[in-house]
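Worth saying up front: this structure is predicted, and the values here are computed from it rather than measured. Residue indices begin at 1 and follow the sequence shown. Each ligand, and each atom within it, is numbered from 1 in the order the structure gives.
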Amino acid sequence: MRIDVLTVLPGLFDCFLKEGVIGKAISSGKVEVKVHNIRDFTTDKHRVVDDVPYGGGPGMVLKPEPIFRAYDELTKEGEKPYVLLTEPWGEKFNQEMAVELSKKPRLMIICGRYEGVDERVKSLVDREVSIGDYVLTGGELPAMVIMDAVLRLIPGVLGNLESLRADSFSDRGLLGYPNYTRPAEFRGMKVPEVLLSGHHKKIESWRKEQSLRKTLERRPEIIENLKRKGLLTKEELE
Ligand SMILES: Nc1cc(-c2ccc3ccn(Cc4ccccn4)c3c2)[nH]n1
């Protein structure tokens, strides 16, 4: 997969693209992520990317020209990208959307800033995406959240161990089971006996039961949703 990111703050992506699973996936060539500074697509001496809003009001709006110039330049050859715009009021991003996006050969993510982008930019956009009902200072962090969730689903990006963990379980949106490591007792708090038993079948069913219980308690709508889609097995429903 190739992802092109358009932003006025490219530096925000430096660590994200170098570290961890995502950093390894890029350095190994499993995925390609290019971050483009919208300012590089301006033509004036002062490299202006924003302007005051027509009709008045606070703040500035990202101008359409530099973004369109970037889009034209980056789509001159190769497959047309599926274009996302990060927005405070976009469609809510979730695991289902992450799975769908992970199947696209090429994505472009336009990161808004200031009061947002000129409305005409949306003629380039396939999906306006929000990562939640809270207002951030810009669209770069949402872009990183989306890339993290999408790129980990690309075959080969997660190591074997990780991909075992990333089974249908967590990717069905179920909440995770409790994790423990040494010591077996810490300040009077003991690790559940079953996890020390070495009985893998019992451990697996305990973890599944913990995950279903936690999901039912905290996010019952996820269970209802999976039931409706027939994505819970008979024993999970018991
Ligand atoms: N889930 C999300 C996404 C965002 C987001 C995405 C892009 C932009 C571009 C500008 N802002 C700041 C801003 C300005 C005015 C009203 C609201 N938000 C953004 C915020 N916030 N929360």
Residues in side-chain contact (heavy atoms from CB on, under 4.5 Å) with K34, at least two apart? R2, D4, E32, H36

Separation of Q210 CD from L195 CG (nearest 0.5 Å): 8.5 Å

Are any protein N/O atoms closer than 3.5 Å to the N/O atoms of ligand 1? If there are, list each pair with names and the distance to one decimal place.
residue: ligand 1; atom: 1 (N); partner: S130; partner atom: OG; Å: 3.1
residue: ligand 1; atom: 1 (N); partner: I131; partner atom: N; Å: 3.1
residue: ligand 1; atom: 1 (N); partner: G132; partner atom: N; Å: 3.4
residue: ligand 1; atom: 1 (N); partner: G132; partner atom: O; Å: 3.2
residue: ligand 1; atom: 21 (N); partner: L136; partner atom: N; Å: 3.1
residue: ligand 1; atom: 22 (N); partner: Y134; partner atom: O; Å: 2.6

Mind listing the side-chain donor-acceptor pairs of residues 18-27 below 3.5 Å, one per line with the distance, residues two or more places apart or on another chain?
residue: S27; atom: OG; partner: G23; partner atom: O; Å: 3.0
residue: S27; atom: OG; partner: K24; partner atom: O; Å: 3.1

Got a salt bridge between E236 and K234, using NZ or NE/NH1/NH2 to carboxylate O under 4.0 Å? no

Could I get the full list of side-chain contact (heavy atoms from CB on, under 4.5 Å) partners for K45, not counting sequence neighbours? none

Interatomic spacing from CE in M144 to CG in L17 - rounded to 0.5 Å: 8.0 Å

